[in-house]
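Below, each value reflects all heavy atoms present in this structure, side chains not excepted, and no hydrogens, waters or symmetry copies.
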Number of protein chains: 2
Amino acid sequence: MGESSRITGQDSLRADARRNRQRILSAARLVFAEHGIDAPMTTVARRAGVGVATLYRRFPTRDALVRAAFAHQLDTCARALTEALAEPDPWQGFQQLVETVCELQREERGFPAAFVAAFPDSTREYARVRQQAEQDFLTLVRRAQAAGALRADFHPSDFAVALLSHCGLVTALPGDRAASRRLVAYLLQSFRVEAAHGALPAPSALSLRSLPLAPYGSQGQRSSGA
Amino acid sequence: MGESSRITGQDSLRADARRNRQRILSAARLVFAEHGIDAPMTTVARRAGVGVATLYRRFPTRDALVRAAFAHQLDTCARALTEALAEPDPWQGFQQLVETVCELQREERGFPAAFVAAFPDSTREYARVRQQAEQDFLTLVRRAQAAGALRADFHPSDFAVALLSHCGLVTALPGDRAASRRLVAYLLQSFRVEAAHGALPAPSALSLRSLPLAPYGSQGQRSSGA
DNA sequence: TCGCAAGTGGACGAGATCGTCCATTTGACC
DNA sequence: GGTCAAATGGACGATCTCGTCCACTTGCGA
């Protein structure tokens, strides 16, 4: 909390401005959940009870708004990683991590879209936090493999593959919790040593670094305009 | 071919009109692949070298155009099902079916989006063909289970879950073939008896009938306007 | 209490897309 | 060759969204 406000500078806002900022974020979550992240900015502004100008001043681009609106969920992802590492049984930790993130994608309408939208980005400011997250995740994977639970040919990028495909599923079928849970169960089972059955094709070149697992703070202005 | 033209009535078109229709479809495939299925209709028309009016006359809605443009791919899906049934080893057949459909999603840019777009629909005219497809797929599943290859708790709706999630993945990462192949491999392995490891959560209520596995012919006018 | 910088709202012009309308052209059949 | 219904193209009005600009308001420190 203190962390993100330091990053976004929301502390230095005047009281009324800070209040409006929060209103906008709440409204954005509602509107995005209801109409998708492509909903008109005007709708968000109206719902928040502010003018468009105010909205644009706080969040110059739709992207910035989306990121800020779902910063909390992203923080939860990061927290899940920490907790996973703390778990004594590494497979338990791994499983919980996958389930927590997928549950977020399943339950918070709008978040999945935000998740993929945020995906290819690797904003400068968070590079370090992300690198840390990547490192932690790697540790988790190694441990789970050493414990003989996670299959040896599991590649870190497979985590991204799992999350993105699950994301796609819940986007295609919002509300179908059973489908989401099924997919997660299948994936988790296929990651176990017992499921290993012949060689897998080569892993993706996807970098985990680009996964939005690290806390976003909010705002998240793009460093590169283009 | 003869089948679909009978359905869409394209035989009764004047020669020039029929030619234009084909041009439009080619252009649509190109444009959709390049800019996504939300590309402006005008762009498609220009690319096809026809006026917008012509485009709108043939395909009253963007949806109709999308369906028609990817009808061939959908036919391939249907054919894959037939071939899967013909395969002596039912697991081989099952595996091939999944791989063929996923390959289509992977290789034909634009098709995945069309696939999910088409998904929730169950147009009257194709009800019978679909029901047949569903029946065939069920047979395939039963056989593969009886052969002791496909896990007993596999539910037909899991096929839809697999396809939709894969679809989401390739949409999020167009061009990352490795990721797509990995997911398919994991899913297939998790469908094997060997992977069964504890109970799965309840299957989705998704009906296979709504999966666009059956041939579309083209055009595919909505029966219900609303 | 006062002054002013920070904050605000909503009108507005630019740009994009939609789908229709109609005057004109063209293919098919006699 | 002639006739006519089918087919065509592109202009056009309607609608929507964006992001900016500016006159007005307000919180807060002195």
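Summarising the geometry, the separation between OH on B:Y56 and C1' on D:dA14 is reported as 13 Å, rounded to the nearest angstrom. Counting to the nearest Å, the C1' atom of C:dA6 and the CZ atom of A:R58 are 9 Å from each other. The CD1-P distance, from A:I24 to C:dG9, rounds to 8 Å in whole Å. Nucleotide D:dA5 holds its P atom 18 Å from the CG atom of B:L13, rounded to whole Å. Between the CG atom of B:L55 and the P atom of C:dG19 there is a distance of 10 Å, given to the nearest Å. Rounded to an integer number of Å, the gap from A:R18 CZ to D:dC28 C1' is 13 Å.
The side chain of A:R57 contributes no N or O atom lying less than 4.0 Å from OP1 or OP2 of D:dG19. Between B:N20 and D:dA7 there is no side-chain N or O to OP1 or OP2 distance below 4.0 Å.
Here the CZ atom belonging to B:F159 is positioned 9.0 Å from the CZ atom belonging to B:F191, to the nearest 0.5 angstrom.
With distances taken from any side-chain atom of A:R14 to the nucleotides C:dT8, D:dC28, C:dC18, the minimum falls on D:dC28.
Between B:H155 and B:L200, every side-chain heavy-atom pair lies at or beyond the 4.5 Å cut-off.
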Encode nucleotides 10-17 of chain C as B, S and - characters from 5' to 3', where the letter depends on protein heavy atoms closer than 4.0 Å: B to the base, S only to sugar-phosphate, - to neither.
-> BB-----S
